[in-house]
Amino acid sequence: MKIGILNVQGDVSEHFQMVRRLHQKYGVEPVNVKELKDLKDISGLIIPGGESTVIYKILGKSGMVDRIIEMAKSGMPVMGTCAGAIILSSDTGDSRVTGMNLISITIKRNAYGRQINSFIKTVDINGIGKFQAVFIRAPEIESPGRADVISSLDGSPVMVREKNILAMTFHPELTGDSRIHEYFISQVISTPS
Amino acid sequence: MVDLKSMKFGDELLKRGFAKMTKGGVVMDVTNAEQAKIAEKAGAVSVMALERVPSDIRAQGGVARMSDPLKVKEILDSVSIPVMAKVRIGHLSEASILESLGVDMLDESEVLTPADPFYHINKKLYKVPVVCGARTFPEAVRRIFEGAAMIRTKGEAGTGNIIEAVRHIRTVGDGIYILNSMTNDEMFKVAENISKSYTNLRDLTSEDLYGEGEKMPYNNVYYGMDFREISNEIFKILKEIKHLKRLPLVNFAAGGIATPADAALMMKMGMDGVFVGSGIFKSRDPQRMAEAIVDATENYEDYKLLGEISSGLEGMHGLDISEIEKLQNR
């Protein structure tokens, strides 16, 4: 089973390695998704962290957006982390980045401030438990819309799920703790192709 | 009680994590808010605030310092992407000032006039991440030891000439390759050699006091650390590099990138992204050049696209390296 990692900009290789680490356990294989043809055989897609304005701009030129939306609407699990969550959202309130409207969240870029305000905090995730969450110039989910909140910090959602779409404002690919990736992969495995 | 050890780890994770988010991107030199907006619109992953672009520093001479805080604030307010700023080598106070302004990453840069002839900043003391230049493998290792969160080749800034950036990528790469076949004993010797430049000041003092040949002990040679502690730390870094077969942090190219083809070459040579200084705002059509370099960095092996975006795009006038003062030696 192939898990695509959107290879546009950002910490692509960290997600790639994380999925590769889980190859033995789940029989999944990471593939870099850079152009339309790379989307062909994937059963799930991860949109990494990075700079959302850049990912948005390059993704727009790549000709992949419509196909990704189509695949997600037909049930393919998609996970977005940090900038990836912005790309998946329905409302960013920022003309520089428009989300793909795949999850009905309203999200605000750089809501916690600049890099000096970046932080690591333990959050509690439904179905996973305590998790060291790394927030880097993170966005904030202002409204979860129809999505289920599966983790919050100080009253605001940091991880949400709406059907096959999973979004979080932190970086599970940076700490070496693979539980969130396993959670996502389990979702991919249980999705009929 | 705050666990200092885990806090340190956390800081490192946040600093290196920030650098990781810039991978695959283009950091563009800007001197004002207007340029910063052009860069953001063109798809820059971050902008670098500085007083003058390197080619102007070269042409005008004089002392190049950090950018005017007023300009830095203007730039910070004008864009939503992260803002980096250049600080003079070893200038602890400029670094703290820029940090307090809210700059997201510092660049301890040879493009500015160095402030300290002996030491680079102890980057572990800052909460914001710092990127440093390197020409050689030992230089890169020393900067990592000092707490850099990202390494870039120095190249030769302000020239539009790519040869020095290529030289530095190859030189660092060859160091990593040689490390691969080393035993621990050999690696320990290398670690000691790499650490030697931290004793330059002490050697000078010894010579002043006792004449040539006499050496005073190497305790407290860099921020309270003695030579042995430094070489032990550097040995650990070497082991990590040997294991990873690459530098353990994000590695960008810089210094002389003037065209989309130059950016593509840097990526082809395994770099994680590029810094472009004079190459954009000294070209005929900065907006177009900026977009073309972003496209080239993302699609560095799509040669048809590279041909298209480079068509009719005039790069800055370049300089022959042999005719100029090299900033990289700073």
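Here the structure is a predicted model, which is why all the values come from computation and not from measurement. Chain letters run A, B, ... following the sequence lines, proteins first, then strands; residues in each count from 1.
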Got a second to check how far [X]'s [atom1] is from [Y]'s [atom2], nearest 0.5 Å?
X        : Y       : atom1 : atom2 : answer
A/Ile136 : B/Met21 : CD1   : CE    : 4.5 Å
A/Arg137 : B/Ser80 : CZ    : OG    : 7.5 Å
A/Ile120 : B/Leu13 : CD1   : CG    : 4.5 Å

Which heavy atom of A/Val54 sits nearest a heavy atom of B/Ala44, and at what distance?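 In this case the closest contact between A/Val54 and B/Ala44 is CG2-O, 3.4 Å.
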What is the minimum heavy-atom distance between B/Val45 and A/Gln9, and which atoms define it?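 Taking every non-hydrogen atom into account, CG2-NE2, 3.3 Å.
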Under 4.5 Å from any heavy atom of chain B - which part of A/Thr53: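 Side chain only.
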For A/Glu35, is it the side chain, the backbone, both or neither that has a heavy atom under 4.5 Å from a heavy atom of chain B?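 Interface part for A/Glu35: neither.
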Is it the backbone or the side chain of [X] that comes under 4.5 Å from a heavy atom of chain A, or both, or neither?
X        : value
B/Val26  : neither
B/Asp295 : side chain
B/Ala19  : neither

Please rank B/Ser46, B/Ala42, B/Gly24 by heavy-atom pairs under 4.5 Å with chain A and give me the top one.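 Looking at each option in turn, the highest pair count goes to B/Ala42.
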Between chain A and each of B/Thr22, B/Val250, B/Asp272, B/Leu76, count heavy-atom pairs under 4.5 Å; write down the option with the most. B/Leu76
Less than 4.0 Å between a side-chain N and a carboxylate O, is that true for B/Glu291 and A/Lys57? yes
For residues 137-178 of chain A, pull every pair meeting ring pair (Phe, Tyr, Trp, His ring centres under 6.0 Å), keeping only residues two or more places apart or in separate chains. A/Phe135-A/Phe170
Assess whether atom [atom1] of [X] is packed by more than 12 heavy atoms of other residues, nucleotides or ligands within 6.0 Å.
X        : atom1 : answer
B/Glu301 : CD    : yes
B/Lys41  : NZ    : no
B/Arg246 : CZ    : yes
B/Tyr177 : OH    : no
B/Lys239 : NZ    : no

Just so I understand: if I count every heavy-atom pair under 4.5 Å between each of A/Glu173, A/Arg96, A/Arg109 and chain B, which residue has the most? A/Arg96
Comparing A/Val134, A/Ile58, A/Asn117, A/Val97 against chain B, the one with the most heavy-atom pairs below 4.5 Å turns out to be A/Ile58
Main-chain N/O of [Y] paired with [X] side-chain donor or acceptor, under 3.5 Å:
X        : Y        : result
B/Lys127 : A/Ile116 : yes
B/Asp104 : A/Gln115 : yes
A/Arg114 : B/Gly102 : yes

Between A/Ser13 and B/Lys23, does a side-chain hydrogen bond (donor to acceptor under 3.5 Å, both in side chains) hold up when you go through it step by step? CA-CA 9 Å; A/Ser13 64; B/Lys23 285 197 293 181; 2.7 Å; yes
